[in-house]
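Only one structure is covered here, and it is reproduced in the block below.
We name chains A, B, ... by the order of the sequence lines, and we start the count at 1 in each one. If you're wondering where the values come from, they're calculated on a predicted model, not measured in any experiment.
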Amino acid sequence: MPELPEVETIARGVDARVRGDRIAEAWFSSHKQPFKTAALTQARGLAGRTIVSVHRTGKHIVCELGEAGTNETTAQWIVHLGMTGRLLVTTPDGPVAAHTHARVSLASGREIRFVDARRFGRLEFRELKKMEGFSAAGSEPMTIGTAEFAELFRGRKLAIKAALLNQQLLSGVGNIYADEGLFQASIMPRRRAGKLTREELERLRLALRTVLTHAIQLGGSSVSDYVDADGVKGFFQLEHCVYQRTGLPCRRCGTRIKRILVAGRGTHYCPKCQG
DNA sequence: CATTTCACCTGGTGGC
DNA sequence: TGCCACCAGGTGAAAT
């Protein structure tokens with residue numbers, strides 16, 4: 001599943017290839033599901049605009065769009081990959097994959113494609129006018145400080161794993177990195193968020209930062225069908241300590257990794273290291 | 001308000 | 001070999 005490291009990898013790849021390019025025209029599929037903004041509105045909004053830059057906020061890829069000749073952002077195209085979404089930069093003559101929902105052709109001859117079998121992804125177009133730009137609801141796990149991090153969980157009764165997945169609190173952490181971060185911090189996923197000690201919270205904050213940074217360096221985790229903007233897989237799945245390692249020996253102590261359900265999500269942990 | 005559950009989707013898997 | 005029930009999980013709406 002695309003989470004912060006995967007989305008960051010894709011955003012960087014797309015930015016490197018299309019920054020400064022001009023959108024010639026855009027085509028969208030006729031499904032209703034992946035479109036937060038009506039397809040026609042998006043097609044009209046994108047056409048003719050310049051791509052100022054592409055970056056990540058939480059799990060969202062934000063394309064800053066402007067007018068020819070200026071660097072000012074006048075609109076944004078926001079892509080959320082959901083579970084199976086892919087954002088690819090290709091040539092227009094390549095075969096069109098099944099479940100392609102958007103094709104954005106550029107003046108350079110390149111084409112941006114959004115492919116999403118499950119259609120859990122979201123495509124949104126925003127005119128900025130006097131409105132402020134898009135910002136994710138939760139805090140950025142890569143840069144959040146000690147006090148602010150602790151404050152997110154104070155008094156909360158839900159499981160820490162569930163709290164980490166809540167994008168209103170932290171944005172960018174999904175099932176993989178919640179499990180990996182909790183393992184790295186030696187915290188049992190079912191612990192009540194509000195009951196964690198100051199030391200445990202700080203361990204968790206640093207563990208998340210470490211795991212996410214390492215994952216970005218390796219181009220993300222390719223489980224299910226994640227690939228970057230060039231269609232290339234990441235390598236962080238090879239470094240996973242617990243995620244999808246049910247029954248395998250813990251890399252730290254050899255105990256078999258267990259899988260339980262927390263907040264309706266498959267959750268992997270080491271009963272000894274995180275006991 | 002906080003928290004939990006469910007619907008949205010399709011491809012892959014395992015059982016028969 | 002083929003069929004089908006079931007599972008995966010990000011998110012937002014509905015329920016508790």
Side-chain angles (χ1 to χ4, degrees), chain A residues 1-11 28-37 39 56-62 78-87 96-102 114-124 134-141 151-182 189-196 208 212 215 220-227 233-234 236-237 240 242-247 257-269:
Chain A
M1 319 56 257
E3 304 177 25
L4 188 152
E6 291 76 34
V7 177
E8 177 72 32
T9 301
I10 293 168
F28 295 89
S29 77
S30 55
H31 287 96
K32 51 232 108 149
Q33 177 80 325
F35 302 109
K36 199 163 173 180
T37 308
R56 176 196 66 79
T57 299
K59 293 178 192 172
H60 300 264
I61 298 166
V62 181
I78 300 154
V79 178
H80 191 293
L81 301 170
M83 297 260 324
T84 52
R86 296 179 173 195
L87 194 65
V96 178
H99 309 292
T100 297
H101 296 290
F114 176 72
V115 182
D116 185 8
R118 299 276 285 281
R119 275 184 264 149
F120 280 8
R122 289 290 181 271
L123 298 180
E124 179 181 3
F134 174 85
S135 66
S139 304
E140 271 292 328
E151 187 62 26
L152 294 179
F153 307 108
R154 196 164 65 90
R156 294 192 180 270
K157 291 181 177 171
L158 78 175
I160 184 62
K161 164 77 183 272
L164 290 176
L165 294 179
N166 184 345
Q167 302 298 297
Q168 305 299 115
L169 300 177
L170 271 187
S171 58
V173 177
N175 214 32
I176 298 172
Y177 299 100
D179 282 4
E180 293 298 321
L182 287 167
R190 280 213 171 112
R191 291 276 305 284
R192 303 261 183 178
K195 293 273 180 82
L196 295 184
L208 284 171
L212 293 170
S221 301
S222 284
V223 298
S224 78
D225 55 1
Y226 160 76
V227 290
K233 291 185 177 191
F236 192 70
Q237 69 279 7
H240 289 176
V242 288
Y243 184 78
Q244 285 193 348
R245 297 195 71 242
T246 310
I257 300 302
K258 282 188 106 175
R259 182 183 188 276
I260 57 176
L261 224 52
V262 178
R265 295 287 173 264
T267 297
H268 315 74
Y269 73 105

Please report the interatomic distance CD(A/Gln168) to OG(A/Ser139), rounded to the nearest 0.5 Å.
11.0 Å

Rounded to the nearest 0.5 Å, how far apart are CD of A/Gln237 and NE2 of A/His240?
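So the gap between those two atoms works out to 6.5 Å.
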
Output yes when a side-chain donor or acceptor of [X] lies under 3.5 Å from a complementary backbone atom of [Y], and no otherwise.
X: A/Arg122; Y: A/Gln33; value: yes
X: A/Gln167; Y: A/Leu165; value: yes
X: A/Arg192; Y: A/Lys157; value: yes
X: A/Glu6; Y: A/Gly220; value: no
X: A/Asp179; Y: A/His268; value: yes
X: A/Glu140; Y: A/Gly58; value: yes
X: A/Thr84; Y: A/Asp116; value: no

My understanding is that only one of A/Glu3, A/Lys161, A/Arg265, A/Glu180 makes a side-chain hydrogen bond (donor to acceptor under 3.5 Å, both in side chains) with A/Asn175; could you say which?
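Of the listed residues A/Glu3, A/Lys161, A/Arg265, A/Glu180, the side-chain hydrogen bond (donor to acceptor under 3.5 Å, both in side chains) partner of A/Asn175 is A/Lys161.
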
Every protein N/O within reach of nucleotides 5-8 of chain C N/O, cut-off under 3.5 Å:
{"unit_1": "C/dA8", "atom_1": "OP1", "unit_2": "A/Arg259", "atom_2": "NH1", "d": "3.3"}
{"unit_1": "C/dA8", "atom_1": "OP1", "unit_2": "A/Arg259", "atom_2": "NH2", "d": "2.2"}
{"unit_1": "C/dA8", "atom_1": "N1", "unit_2": "A/Arg118", "atom_2": "NH2", "d": "3.4"}
{"unit_1": "C/dA8", "atom_1": "N3", "unit_2": "A/Arg118", "atom_2": "NH1", "d": "3.3"}

Can you tell me the distance, in whole Å, between the [atom1] atom of [X] and the [atom2] atom of [N]?
X: A/Leu81; N: B/dC9; atom1: CG; atom2: C1'; result: 16 Å
X: A/Asn166; N: B/dC1; atom1: CG; atom2: C1'; result: 13 Å
X: A/Arg265; N: B/dA7; atom1: CZ; atom2: C1'; result: 12 Å
X: A/His99; N: B/dT10; atom1: NE2; atom2: P; result: 7 Å
X: A/Arg119; N: B/dG11; atom1: CZ; atom2: C1'; result: 13 Å
X: A/Leu158; N: B/dC1; atom1: CG; atom2: C1'; result: 13 Å
X: A/Leu165; N: C/dG12; atom1: CG; atom2: P; result: 14 Å
X: A/His101; N: B/dC8; atom1: NE2; atom2: C1'; result: 13 Å

C/dA14 and B/dC9: how far apart are their P atoms, nearest whole angstrom?
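15 Å, rounded to whole Å.
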
Let's test your reading of the model: under 3.5 Å, does the base of C/dG12 pair with the side chain of A/Arg122 as donor and acceptor?
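In this structure, the two groups form no donor-acceptor pair.
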
Base of B/dT4, side chain of A/Arg156 - is there a donor-acceptor contact under 3.5 Å?
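Absent.
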
Using the ring of each side chain (for Trp, its six-membered ring), is A/His101 parallel, tilted or perpendicular to A/Phe114, with breaks at 30° and 60°?
tilted

Check the phosphate of [N] against [X], side-chain N and O only, distance under 4.0 Å to OP1 or OP2. Yes or no?
X: A/Gln167; N: C/dG10; answer: no
X: A/Gln33; N: B/dC9; answer: yes
X: A/Lys32; N: B/dC8; answer: no
X: A/His80; N: C/dT11; answer: yes

With DNA chain B as reference, determine whether A/His31 or A/Ala263 sits nearer its 5' end, using the nearest nucleotide of each.
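First, find each residue's nearest nucleotide; the 5'-ward one identifies A/Ala263.
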
Residue A/Glu3, side-chain heavy atoms: nucleotide from B/dT3, C/dG10, B/dC9 that is nearest:
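The answer is C/dG10.
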
Considering all heavy atoms of both residues, which atom of A/Ser221 and which atom of A/Phe236 are nearest to each other, and what is their separation?
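It is OG-CD2, 3.3 Å.
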
Give each protein N/O atom lying under 3.5 Å from an N/O atom of nucleotides 13-16 of chain C, with the pair distance.
none

Just to be sure I follow the notation: if a pair is Watson-Crick (purine N1 to pyrimidine N3 plus N6-O4 or O6-N4) or a G-U wobble (N1-O2 and O6-N3), each under 3.5 Å, what dot-bracket string does DNA chain B give, with | for pairs to another strand?
.|||||||.|||||||

